[in-house]
Structure formats: structure tokens, C-alpha cells
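We name chains A, B, ... by the order of the sequence lines, and we start the count at 1 in each one. Small disclaimer: the values here were computed from a predicted structure and weren't measured.
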There are 2 protein chains.
Amino acid sequence: MPSSPDIEQTLRAAQLRVTRPRVAVLAAVHAHPHADTQSIIDDVRRDLGEVSHQAVYDVLQALTGAGLLRRIQPSGSVARYEARVADNHHHIVCRACGAVADVDCALGEVPCLTPAQHHGYTIDEAEVIYWGVCPSCSAAPIGAAGMQAHTPSMRVSPDEAQFP
Amino acid sequence: MPSSPDIEQTLRAAQLRVTRPRVAVLAAVHAHPHADTQSIIDDVRRDLGEVSHQAVYDVLQALTGAGLLRRIQPSGSVARYEARVADNHHHIVCRACGAVADVDCALGEVPCLTPAQHHGYTIDEAEVIYWGVCPSCSAAPIGAAGMQAHTPSMRVSPDEAQFP
DNA sequence: GGTCTGATCTGGAATCAGTCAAGTCTGGAG
DNA sequence: CTCCAGACTTGACTGATTCCAGATCAGACC
């Protein structure tokens with residue numbers, strides 16, 4: 001996890017001004033990959049005191065636009081952010097609790113960008129989401145029993161994404 | 001595209017009661033693959049007159065649960081539905097206009113369910129979204145110029161998903 | 001260090017997809 | 001034809017996200 005000076009360095013390298021909310025947001029995402037916006041807001045406030053949600057949304061958008069963060073949004077979930085942007089990795093999402101885990105790209109470096117047909121589209125990213133059930137939800141089938149057969153639309157509050 | 005009796009047959013086969021809203025919703029999705037909820041509501045109302053949005057939401061959920069429809073939701077887009085559920089195909093989404101196109105699964109039948117690591121998860125579905133720019137947006141770079149470098153978060157109103 | 005300027009932040013309100021709850025209606029089994 | 005579980009209507013609500021206008025601030029230049 002990068003230190004505060006590292007984070008400032010990163011921001012400057014991306015031609016972004018260094019502000020306390022930005023540093024805090026970037027630190028929060030580094031600390032809690034796949035965190036949702038509300039968790040990030042909470043974490044930033046724990047760090048800095050009162051910060052408007054608008055500031056956090058703006059910062060997230062700026063950092064995502066600069067390529068410092070990546071936004072992921074599995075069906076039925078709110079937007080989540082992660083700081084691992086260098087590689088083309090994918091995600092496994094638990095249908096029961098919404099927990100997200102990283103997976104390396106199955107096919108190598110920049111690989112899976114060649115679909116069977118491209119319909120004339122210029123492809124620049126392949127986003128793969130594996131849906132399944134995480135180990136802890138498999139172990140506790142009570143909670144998993146009520147889940148939807150297809151895409152889950154319930155409010156997810158995965159252990160992994162909540163801050164302790 | 002199935003006729004109205006075909007649709008009723010399909011509903012009965014899925015142990016669902018045949019109601020006018022259900023037939024209309026199923027017909028609308030067959031007619032307009034990748035349509036968003038609002039478009040479906042509009043189409044159903046054009047067909048039946050006043051129908052509550054709640055009814056359409058309920059019907060979409062029931063049909064999705066019964067496996068008659070598949071729900072897809074690319075990041076930054078609203079929920080979309082399609083009636084092609086038999087195979088495990090994927091989608092190409094245009095970053096500029098949000099248009100969606102189908103792609104057959106690159107690896108065969110039920111293939112891409114084996115990620116590089118599974119972290120103990122039990123995988124049952126792999127959802128692949130290719131991000132790129134569609135031919136018409138490539139041809140008209142004016143509109144495409146302002147797009148986000150990463151995931152688009154603007155309100156998409158793709159030609160393909162709107163009804164003519 | 002002081003000043004300027006454009007980017008950023010604040011606070012509030014608006015928007016919009018989706019959900020909830022309670023009452024009414026109806027398809028289809030008997 | 002009757003009945004009733006399931007489907008639909010109505011209306012309000014939630015929660016995520018965006019928009020706006022004015023205040024503040026970081027960084028560059030003097």
C-alpha cells in the first residue's frame with residue numbers, strides 16, 4: 001500500500017493537483033479494493049472529518065478519468081472502485097453476498113480482446129465477470145438459499161467491501 | 001419473432017399465468033433486444049394503453065427468474081433485457097452511444113467458466129462485456145471525442161436501443 | 001511572501017431507477 | 001360458475017448519482 005507521499009507523487013504524475021480529499025480517496029481505495037462509493041465517503045470522513053459527498057464523487061470521477069482508478073459495477077450492485085489498473089484482470093462476484101475477488105486474465109496479457117465477431121466495433125477492453133458463490137456463502141447455505149437464480153438485485157453489503 | 005400464441009405457449013410452459021402485460025413485455029423484448037426498462041414500459045403502453053411501471057418491473061423480474069429473459073447491465077447503463085437466453089453469448093458495448101451487439105462465446109459452449117484462479121468460488125456464469133466504439137460512432141468522431149477514457153457514465157440513449 | 005486564476009469544494013436540490021406496501025382485480029383450477 | 005392465489009394498480013418512498021451556483025483553495029507567477 002503506497003504511503004501518503006507516494007500518493008501525492010502519483011497525483012502529480014497524472015497532472016492532478018494534490019488535495020487532501022484526493023489523497024484520502026486514493027488511500028481509501030488502495031486500502032479497500034472494490035469499495036463502493038459510500039464506503040469510500042465514510043472512510044474519507046473518518047480520515048479528514050466532514051467532506052461533502054459531491055467532493056468524493058468528483059474526485060472519483062477525476063481519478064477514474066486519469067486512469068488512476070478503475071470503476072466496476074456488477075449488475076445489481078452500486079459502483080465500486082479499485083486501484084489496480086495496470087493489468088487487464090477480471091473479477092469474481094458472489095451472488096449471495098456480493099463479495100468481489102480479483103482474477104488474473106485467463107488468457108495472458110492483453111488477450112481476450114478478440115471476440116468471435118466484432119461487428120465492426122473497435123474493441124479496447126474486455127470486462128469479464130464470473131458469477132458464483134464465495135466459499136463462506138457456500139459454507140452457510142442459509143443465506144445463499146434465498147438468492148435469485150439469475151442476476152441478484154438485492155442490496156449487497158459484502159463483508160469484503162465493508163470496512164471493519 | 002414469435003407470434004402472440006407462441007408467447008402464451010412459452011409462458012404456460014414456464015408455469016406462469018398468461019396475462020396481457022406479460023405477453024406484451026415478452027413481445028417487446030423479442031422485438032427490441034437489449035431494450036432498457038423505460039423503453040419496454042413505453043412499448044407495452046403503446047400496445048395495451050396504461051400499464052403501471054410497477055407491473056412491468058414485476059413482469060421483468062418474473063420472466064428473468066423463470067429464465068425467459070436475461071438481464072444485462074453494463075457499467076453506467078440502466079438494466080437491459082434480451083430474450084436470447086439459450087446460449088452463453090456475450091456483448092459488445094459502444095462507449096460513445098451505448099449500443100449493444102451480441103457476440104457468440106469465444107470459447108465454445110460453456111467454456112469460459114474456468115478463470116485463472118477461482119479463490120474457492122463456485123462459478124456458474126461468466127459474463128463478458130467487450131468495450132469499444134461502434135462503426136457509426138467511429139465514423140462520426142465528433143460525438144465520440146468527448147467520451148470518457150474509461151467506463152462511460154453518461155446517460156446512454158443508443159439508436160439501437162431506442163424504438164423508431 | 002502576496003496575488004491571481006482556474007480548478008476544486010460545498011451545500012442543497014433535483015433526477016431517476018428501482019422498491020415497498022396495501023388494496024383491487026383476474027386467470028384458471030375445481 | 002366460484003373461488004383464491006397470484007398478478008396488477010396506486011402512490012409513496014429509498015438510495016445512488018448528478019446538477020447548479022457560489023465559496024474556497026492549490027499552484028504558478030511576480
Q. Where the side chain of Thr37(A) is concerned, which of dT17(D), dT9(D), dT10(C) is the nearest nucleotide?
A. dT17(D)

Q | Candidate nucleotides dC19(D), dA7(D), dT18(D), ranked by approach to the side chain of Gln54(A) - the nearest | A | dC19(D)

Q. Rounded to the nearest Å, what distance is computed from the OH atom of residue Tyr57(B) to the C1' atom of nucleotide dA7(D)?
A. 18 Å

Q. His53(B) or Arg20(B): which one's nearest nucleotide on DNA chain C is closer to the 5' end?
A. His53(B)

Q: Could you check how far CG of Leu11(B) sits from C1' of dG27(C), rounded to whole Å?
A: 12 Å

**Q.** Value in whole Å for how far the C1' atom of dT8(C) lies from CG of Leu60(A)
**A.** 14 Å

Q) Just by modelled atom types, is the Asp6(A) backbone N or O under 3.5 Å from a matching donor or acceptor in the Thr10(A) side chain? A) yes

Q: Would you mind telling me which of dG18(C), dT17(D), dC8(D) lies closest to the side-chain atoms of Arg71(B)?
A: dG18(C)

Q) Asp58(B) has an atom CG; how far is it from atom P of dT10(D), in whole Å? A) 14 Å

Q: Determine yes or no for a side-chain-to-main-chain donor-acceptor pair under 3.5 angstrom, with Arg45(A) supplying the side chain and Val51(A) the backbone.
A: yes

Q.
I want to verify a distance call: between dA16(D), dT8(C), dC8(D), whose nearest atom is closest to the Arg22(A) side chain?
A. dT8(C)

Q. How long is the line joining CG of Leu48(A) and P of dT24(D), in whole Å?
A. 19 Å

Q. Would you say Arg71(A)'s side chain and Ala79(A)'s backbone share a donor-acceptor pair under 3.5 angstrom?
A. no

(Q) Over all strands shown, is Ala62(B) touching base, sugar-phosphate only, or nothing at heavy-atom distances under 4.0 angstrom? (A) nothing

(Q) By nearest heavy atom, map Ala79(A) and Leu16(A) onto DNA chain D; which one lands nearer the 5' end? (A) Ala79(A)

Q. Between Gln15(B) (CD) and dG27(C) (P), how many Å, whole number?
A. 19 Å

Q) For the pair made of CD in Glu50(A) and P in dG12(C), what is the distance, rounded to whole Å? A) 11 Å

Q. When the distance from CD of Gln61(B) to C1' of dC8(D) is rounded to whole Å, what number comes out?
A. 15 Å

Q: For Gln73(B) and for Pro21(A), locate the closest nucleotide of DNA chain C by heavy-atom distance; then report the residue assigned to the nucleotide nearer the 5' terminus.
A: Pro21(A)

Q: Could you check which of dC8(D), dA5(D), dT10(C) has an atom nearest any side-chain atom of Arg17(B)?
A: dA5(D)

Q. Which one, dT10(C), dA7(D), dT9(D), comes nearest to the side chain of Thr19(B)?
A. dA7(D)

Q: List the steps, then state whether side chain to side chain contact (heavy atoms under 4.5 Å, CB included) holds for Leu16(A) with Leu68(A).
A: CA-CA 11 Å; Leu16(A) 292 171; Leu68(A) 266 42; 4.3 Å; yes

**Q.** Donor + acceptor pair across side chains of Asp102(B), His34(B) (<3.5 Å)
**A.** yes

